[in-house]
Amino acid sequence: MVHFDITKLTSSVVLLVTLGLSLIAWFLSFVGVCILASWKVQLGALAFFTVYHLVIILLLLAIVLSSTLATYRVLLTTALGVGFVFLVSRLDFTIFNAQVKGVPTGIVNGLNLVSAGDIVLSLVLLIWVVVLGADDSSPIAKAATAGPAMPNVSFSGFSAGSQDPNAAAIASDTAPKPYYGAPVSASPAAPPVVMAPVPAPVPVAAPAAALPKATAIYPYTANPEDPNEISFAKGQVVEVLDSNGRWWHVRYVNADGTLVVGIAPSNYLQKAN
């Protein structure tokens with residue numbers, strides 16, 4: 001059963017904004033096509049292009065929400081490229097015919113609406129081809145899928161901004177006074193014996209916070225062509241070293257005690273609460 005995760009879309013500002021623009025642009029083109037149809041214009045490929053672009057918008061949405069971009073990347077980028085060619089072809093038709101003299105105003109308005117929607121949609125499709133066609137580890141893909149950074153605050157017995165009470169106590173203590181021992185003899189002329197001063201206590205560093213952990217919800221076999229990927233079984237508990245992007249940097253100790261470190265797809269892992 002396919003699982004759709006809305007956070008895959010909301011975590012990427014680029015995908016969220018371009019998806020909204022694509023729907024608005026498609027609606028403008030659709031209204032323009034409807035106006036042309038009301039004037040009995042032979043639509044032909046214009047209607048087919050409109051349906052095709054709606055299908056690829058919905059296809060992209062389904063692939064992003066189901067986290068299957070790695071599987072259908074070639075299919076999606078090919079469909080987007082074909083859609084871009086269709087848009088350029090239709091723009092050439094609508095812009096040219098809107099400037100022909102003697103064309104009724106209603107038809108011109110319909111052609112202009114289709115042109116406006118197609119211009120915006122063609123730019124969106126071009127962005128999608130560049131972003132979604134790039135590898136997940138590329139700077140373009142990481143920048144496009146990165147959401148707003150969230151503070152990683154670790155609580156280990158103290159609230160944020162608090163200080164170690166032992167360290168505060170140590171900092172507030174004054175340095176101990178030198179100890180002067182008793183005179184060697186009771187004679188007032190004998191000088192006192194001066195002892196070395198006692199060193200001030202050294203603050204002890206607080207232990208490092210434990211790394212967040214995640215559990216594998218599906219088994220994964222590493223790509224033999226990528227030495228950075230690691231394999232794991234379902235239920236494997238891993239420590240998350242870096243959770244930025246769609247590939248996480250994790251580590252775990254296998255059954256024979258060997259430390260395994262590498263990258264793993266985030267949609268195969270679930271962070272522990």
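Numbers for residues simply follow the sequence, beginning at 1.
Between Y52 and F86, the distance from one ring center to the other falls under 6.0 angstrom.
Shortest non-hydrogen contact noted between A233 and A216 is O-CB, 3.4 Å. Closest non-hydrogen pair, N112 versus A98, comes out as OD1-CB, 3.7 Å. Residues Y218 and F232 share a closest heavy-atom pair of O-CE1, 3.4 Å. The two residues R73 and L132 have their closest heavy-atom pair at NH1-O, 2.6 Å. Among all heavy-atom pairs drawn from W26 and T50, the shortest one is NE1-O, 2.7 Å. Taking every heavy atom of both residues into account, W248 and A214 meet most closely at CZ3-CB, 4.4 Å.
Side-chain contact between L59 and Y72: absent, with no pair of heavy atoms (C-beta onward) separated by less than 4.5 Å. Side-chain atoms of L121 and I57, non-hydrogen and from C-beta on, do get closer than 4.5 Å to each other. Under the 4.5 Å side-chain criterion, counting only non-hydrogen atoms from C-beta, L15 is not in contact with L19. Using a 4.5 Å heavy-atom cutoff, the side chains of L241 and L211 are in contact. Looking only at side-chain heavy atoms (C-beta outward), H53 and L87 come within less than 4.5 Å of each other. In this structure, the side chains of S29 and F49 stay at 4.5 Å or more apart for every pair of heavy atoms. The shortest distance between side-chain heavy atoms of T10 and T7 falls below 4.5 Å. Side-chain contact between I63 and T71 is absent, with no heavy atoms from C-beta onward closer than 4.5 Å.
Judged by distance alone, the side chains of K271 and T215 never bring a donor and an acceptor atom under 3.5 Å apart. Between S115 and T94, the side chains place a donor N or O and an acceptor N or O closer than 3.5 Å (distance only, hydrogens not considered).
W247 pairs by the ring pair (Phe, Tyr, Trp, His ring centres under 6.0 Å) definition with nothing, not counting sequence neighbours.
Grouping the Ile, Leu, Val, Met, Phe, Trp and Tyr side chains by contacts below 4.5 angstrom, directly or via other members, places F93 with V100. Both V82 and L125 belong to a single network of hydrophobic side chains, linked directly or stepwise wherever heavy atoms of I, L, V, M, F, W or Y lie under 4.5 Å apart. L91 and V129 are members of different hydrophobic clusters when ILVMFWY side chains are connected at heavy-atom separations under 4.5 Å. L61 is connected to W128 through a chain of hydrophobic side-chain contacts under 4.5 Å among Ile, Leu, Val, Met, Phe, Trp and Tyr, so both are in one cluster. There is no path of hydrophobic side-chain contacts, each under 4.5 Å, that joins V74 to L76.
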Criterion side chain to side chain contact (heavy atoms under 4.5 Å, CB included) on I230 and Y252, from CA distance to verdict:
CA-CA 10 Å; I230 60 173; Y252 69 90; 4.0 Å; yes
Given V261 and H249, is the side chain to side chain contact (heavy atoms under 4.5 Å, CB included) satisfied, shown in steps?
CA-CA 8 Å; V261 182; H249 191 200; 3.4 Å; yes
Take D242 and V250 through the side chain to side chain contact (heavy atoms under 4.5 Å, CB included) test and state the conclusion after the steps.
CA-CA 7 Å; D242 185 3; V250 301; over 6 Å; no
Just do the side chain to side chain contact (heavy atoms under 4.5 Å, CB included) check on L69 and R246 with the steps written out, would you?
CA-CA 11 Å; L69 179 60; R246 288 176 286 183; 3.1 Å; yes
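With rounding to the nearest 0.5 Å, the separation of OG in S22 from CG in L60 is 8.0 Å. Going from atom CG of N223 over to atom OG1 of T221 covers 10.5 Å, rounded to the nearest 0.5 Å.
Among Q236, E229, K234, the single residue meeting the side chain to side chain contact (heavy atoms under 4.5 Å, CB included) criterion with Y220 is E229.
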For residues 31-47, please give each side-chain donor-acceptor pair under 3.5 Å, one per line with the distance, not counting sequence neighbours.
unit_1	atom_1	unit_2	atom_2	d
S38	OG	I35	O	2.5

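A salt bridge links E239 to R251: at least one charged side-chain nitrogen sits closer than 4.0 Å to a carboxylate oxygen.
A salt bridge (Lys or Arg N to Asp or Glu O under 4.0 Å) check over residues 79-99, counting only residues at least two apart or in different chains, returns the pairs R90-D118.
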